[in-house]
K.L.:
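Here it is: the structure, laid out below.
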Amino acid sequence: MGNIFIILVSTIFINNYVFARFLGICPFLGVSSKMDTATGMGVAVTFVTTLASVVTFIIQKYILDIFEIQYLQTIVFILVIASLVQFVEMAIKKMSPTLYNALGVYLPLITTNCIVLGVAILNIQEGYNLIETIASSVGASLGFFLALVLMAGLREKLELADIPEALKGFPITLIATGLMSIAFAGFAGLV
Amino acid sequence: MKTSNILKNGLINENAIFVQLIGMCSVLAVSTTAINSIAMGISVIAVLTCSNIFISLLRKVIPDEIRIPVFVIIIATFVTIVDMFLNAYAPDIYSALGIFIPLIVVNCLILARAEAFAYTNGVVASAIDGIGMGLGYTFAITILGIVREILGSGSVFGISLFPESFQPAGIFVAAPGAFILLGILIGIFRTILKKTQAATN
């Protein structure tokens, strides 16, 4: 149990995937300008990442390892993620139109979110078991969610600020991200 | 479009990092030293050029509805080749780049070029576009790598620049420095681009 807690704290705060590991920067910069889109994207990513990690874990253990074809990892994982995203999109559309309206536009974007593939590969590299895999992917996506929501709150204020012409938009967002990353570095040594 | 135009487009006018702001994850993560940056740049050029050529060759055969999965498989194949090649011939660089080699698959830059250029243009033009866009990426990541290495470790390409009493600012090789420096570099690039465009007009 303690182990799971350590993995959660470490992936959410200490090794936050956005601020410390640089994964998922594109969607982070793309959808963090408004609070409600940030929340939608965060929920969608949490869902897909967890599901994808479990499926890729099973595939790695029972197909790739057994047939000793680990070199196909990249191709197989990205295929699994792409089809999973497609499948989740269809399932949500059928089962809950309200949820689909809220998350629908973000789902196709998730295929190219490097957090999903990154977490899947890192879990295998770290040699986690199934429970630890779930903990680490939930932690990773909650960390992403947290970063997204924090940034959205900041950017809504940034729009009103007086910023030099050349730094308007993305450059100032990156600099603000850097400052937040310094704050997150303060969590180092927590575990 | 002329060859020089396509190249210039990729390198400057539509520079993936400084102007289009796509494919940033690997740029931020790998640019801790100039050598790593160049290695990453070359890997991206290789994957981008090969996948552009291949997708352009197959563009009449690929059904429109499933083109994205097909693109992804083609890209993943070339990424696997690069991954195995680096593992065999450059193990140091392989371990330094780490997870960001397989993650070239989900680099939006490569998928974006496949969708926006290779799928609608001829083989030669696509190859040149791949090289141009890849060079633009390499240009951006190398500049960031050089600046970070000078400020953060006091050296360039592993050669020490300052006397021993110099204290490098470690924050620039850590995560926060990458974000802040890239933000500033984009600002500088934008200003220069705007000035030169105003001058030519």
Side-chain angles (χ1 to χ4, degrees), chain A residues 15-30 71-79 81-83 85-86 108-122 125 163-185 188, chain B residues 18-31 66 68-69 71-84 87 98-112 171-172 174-194:
Chain A
N15 287 320
N16 185 290
Y17 273 76
V18 174
F19 294 130
R21 282 188 168 152
F22 307 110
L23 291 178
I25 304 289
C26 294
F28 172 73
L29 293 176
Y71 57 87
L72 286 179
Q73 195 190 49
T74 315
I75 300 180
V76 172
F77 279 19
I78 190 68
L79 257 183
I81 291 169
S83 36
V85 169
Q86 196 77 49
L109 287 174
I110 292 179
T111 315
T112 51
N113 184 340
C114 33
I115 282 197
V116 184
L117 184 61
V119 172
I121 295 176
L122 280 173
Q125 279 180 5
I163 299 160
E165 188 59 38
L167 292 181
K168 271 199 178 123
F170 283 108
I172 195 71
T173 312
L174 277 171
I175 294 172
T177 313
L179 296 177
M180 282 164 83
S181 169
I182 296 180
F184 267 74
Chain B
F18 288 148
V19 181
Q20 296 191 61
L21 305 142
I22 52 177
M24 309 268 260
C25 305
S26 51
V27 170
L28 290 162
V30 173
S31 59
I66 56 158
I68 301 287
F71 293 166
V72 170
I73 296 174
I74 293 174
I75 295 168
T77 312
F78 288 112
V79 170
T80 309
I81 294 172
V82 168
D83 188 275
M84 289 163 131
N87 195 2
I99 189 168
F100 288 94
I101 303 170
L103 286 183
I104 296 176
V105 179
V106 282
N107 191 321
C108 349
L109 164 62
I110 293 171
L111 201 60
I171 190 168
F172 288 110
F179 287 113
I180 295 173
L181 283 178
L182 185 59
I184 294 172
L185 282 179
I186 292 174
I188 295 174
F189 192 86
R190 270 190 187 174
T191 317
I192 295 173
L193 200 63
K194 206 176 258 177

K.L.:
Looking at P171(A) and G187(B), what are the two nearest heavy atoms and their distance?
P.N.:
CG-N, 4.2 Å

K.L.:
At a 4.5 Å cut-off on heavy atoms, which part of P102(B) comes close to chain A: side chain, backbone, both, or neither?
P.N.:
both

K.L.:
Please identify, among S83(A), A183(A), G169(A), G118(A), the residue contributing the most non-hydrogen atom pairs under 4.5 Å to chain B.
P.N.:
G118(A)

K.L.:
At what distance, to the nearest 0.5 angstrom, does CD1 of I180(B) lie from CD1 of I182(A)?
P.N.:
4.5 Å

K.L.:
When rounded to the nearest 0.5 angstrom, what is the spacing between CE in M24(B) and CZ in F170(A)?
P.N.:
7.5 Å

K.L.:
Using a 4.5 angstrom heavy-atom cutoff, name the option from A176(A), C26(A), A82(A) with the most pairs to chain B.
P.N.:
C26(A)

K.L.:
Checking side-chain contact (heavy atoms from CB on, under 4.5 Å) for the pair L103(B)/L23(A): CA distance, chi angles, key distance, verdict?
P.N.:
CA-CA 9 Å; L103(B) 286 183; L23(A) 291 178; 3.2 Å; yes

K.L.:
Taking atom CZ of R190(B) and atom CD of E165(A), what is their separation to the nearest 0.5 Å?
P.N.:
8.5 Å

K.L.:
Can you tell me how far CG of L167(A) sits from OG1 of T191(B), rounded to the nearest 0.5 angstrom?
P.N.:
7.5 Å

K.L.:
So what's closer than 4.5 Å to chain B heavy atoms on L72(A): side chain, backbone, both or neither?
P.N.:
neither

K.L.:
What heavy-atom pair brings I175(A) and G183(B) nearest, and what distance separates the two atoms?
P.N.:
CG1-CA, 4.1 Å

K.L.:
Give, for atom CZ of F22(A) and atom OG of S31(B), the distance between the pair rounded to the nearest 0.5 Å.
P.N.:
7.0 Å

K.L.:
Kindly indicate, with the supporting measurements, whether the criterion side-chain contact (heavy atoms from CB on, under 4.5 Å) is fulfilled by L174(A) and I186(B).
P.N.:
CA-CA 10 Å; L174(A) 277 171; I186(B) 292 174; 3.6 Å; yes

K.L.:
Non-hydrogen atoms of chain A under 4.5 Å away: do they reach the side chain of F189(B), the backbone, both or neither?
P.N.:
neither

K.L.:
When the ring planes of F179(B) and F19(A) are compared, do they come out parallel, tilted or perpendicular, using 30° and 60° as the limits?
P.N.:
perpendicular

K.L.:
For L111(B), which atoms come within 4.5 Å of any heavy atom of chain A: side chain, backbone, both, or neither?
P.N.:
side chain

K.L.:
What option among V116(A), T173(A), I78(A), I81(A) has the most heavy-atom pairs under 4.5 Å with chain B?
P.N.:
I78(A)

K.L.:
From L182(B) CG over to I25(A) CD1, what is the distance, rounded to the nearest 0.5 angstrom?
P.N.:
9.5 Å

K.L.:
Side chain, backbone, both or neither: which part of L79(A) has a heavy atom under 4.5 Å from chain B?
P.N.:
side chain

K.L.:
Side chain from CB out, backbone as N, CA, C, O: work out which of these in I171(B) comes under 4.5 Å of a heavy atom of chain A, or both, or neither.
P.N.:
side chain

